[in-house]
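Computed from a predicted model, the values in this text were never measured in an experiment. Residue numbers begin at 1 in each chain, while the letters A, B, ... track the order of the sequences.
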2 protein chains.
Amino acid sequence: MNTTSRNTTSAHGTRTPAVKAAATRNRILAAAARTLSLKGYSATRLSDIAERAGVRPPAVYYYFPSREELIAEVMAVGQLRLREHVETALAALPDDTPPMDRICAAVEAHLQVELHLSDFATAVSRNSGQLPEDIRARLRADSGAYFDLWRDLLARARAAGAIRNDIDLRAARMLVMGALNWTPEWWNPRQGSLTGVIRTAQSLVRHGLGVP
Amino acid sequence: MNTTSRNTTSAHGTRTPAVKAAATRNRILAAAARTLSLKGYSATRLSDIAERAGVRPPAVYYYFPSREELIAEVMAVGQLRLREHVETALAALPDDTPPMDRICAAVEAHLQVELHLSDFATAVSRNSGQLPEDIRARLRADSGAYFDLWRDLLARARAAGAIRNDIDLRAARMLVMGALNWTPEWWNPRQGSLTGVIRTAQSLVRHGLGVP
DNA sequence: TTTTGAATCTAATCTAGATTCATAAATCGC
DNA sequence: GCGATTTATGAATCTAGATTAGATTCAAAA
């Protein structure tokens, strides 16, 4: 359940260094995120995760009830981070920002988390289609919220007359998210800068959806 | 190796109906393609495939040396069909078709195979990122050819001045292919027609890349 | 010092699936 | 119809990996 609560304080309220020890849990979680983002769900062994975290496989069970649970948590964190990062970026914009600019800001934020900031987010977009129904169901609420965010972004733009009429909003939204979600499959910092990709993506979306 | 060659001819060159029997092989292959396209690599059990093909798991081994080999063949077929379908569509266009129209034709053809015509193609785009390095290596030649096709399409359009200068060709190509490849994750015949998706995708690409 | 509980390990267990194999059923050439 | 060959099966076997059990380390508290 709660991410960081073992006995953080003794009976008298003095701090117990057990706080520090729980860093291991985070190492394991991060190792899982990275492994998932690199190898994908099917190829991710518990032993790979353990090794990357510098620990033996059974130690994982001290912190997580099962491999499945661990992976589910990675996904939940990733989905949340992605949404929060994009929401934060949008919230930082002036109130009178034109709707199409807001969309472009979301494109940028999405690509930044995905490609640069968070293995968790990458793990989500690379694996969400491969997860057992079980885990997928638990993600549904969170991923739904993210979809809603984009739906809203497009709906406002359309309402403001900033999106052409030949564009079907649902299809457009999914096509754009597809383009973004696919990036981890091909993008590599060594060939082409992140900002280059972001610029092209923004231009593609702006002109692809917008009125001439 | 060769897809359909058991004893198709007897010693004297007379046709042996064993040809017909090898339909089982195709059923198994098709069952594998469909299962892969629906459940993804990690969740695809040999027993699922066998069941869908109406056969017991060991029977698969009569036609394929291993599960891995079977899956590799599905992928190879899928990659090939995808490319051939798109190539055929392009070849059918008049020689003087403007480059951007050619790109739109490719978009349409790609989506048609992917979403409507072939489980094999769907299997490829849904799973290519999850495959063991082993199989992936064998696909490389074929998928490379498909990428080349698109690279060429975009290069010609740029040469003809039909693509804006702020567009990075490699990034654009991958973003577009991402949008297309992601469609099997969300598209469903029951919500929205295929032609609707195709139209939106074409418009997105045409205006997204093209000069105003 | 002794005690305790958290954190981790090694070694063993358990299980889902893939694969093998010896044989049954179907089919074929005659 | 009848052996030979092709096709498919049920009943093992084998193995990778997840999971459990129990022992061990170690830091801090008593």
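Proximity of A:T24 to the phosphate of C:dA7: no side-chain N or O atom is located under 4.0 Å from OP1 or OP2. Distances shown here put a side-chain N or O of B:Y62 below 4.0 Å from the OP1 or OP2 atom of D:dT7.
Atom pair B:I49:CD1 and C:dG17:C1' shows a separation of 12 Å (rounding to whole Å applied). In this structure, the CZ atom of A:R25 is 17 Å from the C1' atom of C:dT8, given to the nearest Å. Atom CG in A:N26 sits roughly 13 Å away from atom P in C:dA7 (whole-Å rounding). Distance A:F64 CZ to C:dT8 P: 12 Å, rounded to the nearest Å.
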Taking only nitrogen or oxygen atoms into account, show me every contact under 3.5 Å that the protein makes with nucleotides 19-23 of chain D, one pair per line with its distance.
{"residue": "D:dT19", "atom": "OP2", "partner": "A:Y61", "partner atom": "OH", "Å": "2.2"}
{"residue": "D:dT19", "atom": "OP2", "partner": "A:R67", "partner atom": "N", "Å": "2.9"}
{"residue": "D:dT19", "atom": "O5'", "partner": "A:Y61", "partner atom": "OH", "Å": "2.9"}

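In this view, A:R173 satisfies the salt bridge (Lys or Arg N to Asp or Glu O under 4.0 Å) rule with no residue, not counting sequence neighbours.
Between A:I49 and A:I28 the shortest heavy-atom distance is CG2-O, 3.8 Å. Of all heavy-atom pairs spanning B:R126 and B:L38, the tightest one is NH1-O, 3.2 Å.
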Show me, pair by pair, the donor-acceptor contacts under 3.5 angstrom made by side chains of residues 177-184 of chain B, not counting sequence neighbours?
{"residue": "B:N181", "atom": "OD1", "partner": "B:H110", "partner atom": "NE2", "Å": "3.4"}
{"residue": "B:N181", "atom": "ND2", "partner": "B:M177", "partner atom": "O", "Å": "3.3"}
{"residue": "B:T183", "atom": "OG1", "partner": "B:L180", "partner atom": "O", "Å": "2.5"}

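The local environment of CZ in A:R156 is sparse, with at most 12 non-hydrogen atoms from other residues, nucleotides or ligands closer than 6.0 Å. The local environment of CD in A:E68 is crowded, with over 12 non-hydrogen atoms from other residues, nucleotides or ligands closer than 6.0 Å.
Among the nucleotides D:dG17, C:dA7, C:dC9, the one closest to the side chain of A:R45 is D:dG17.
Backbone-only contact: A:A59 has heavy atoms under 4.0 Å from sugar-phosphate atoms and none from a base.
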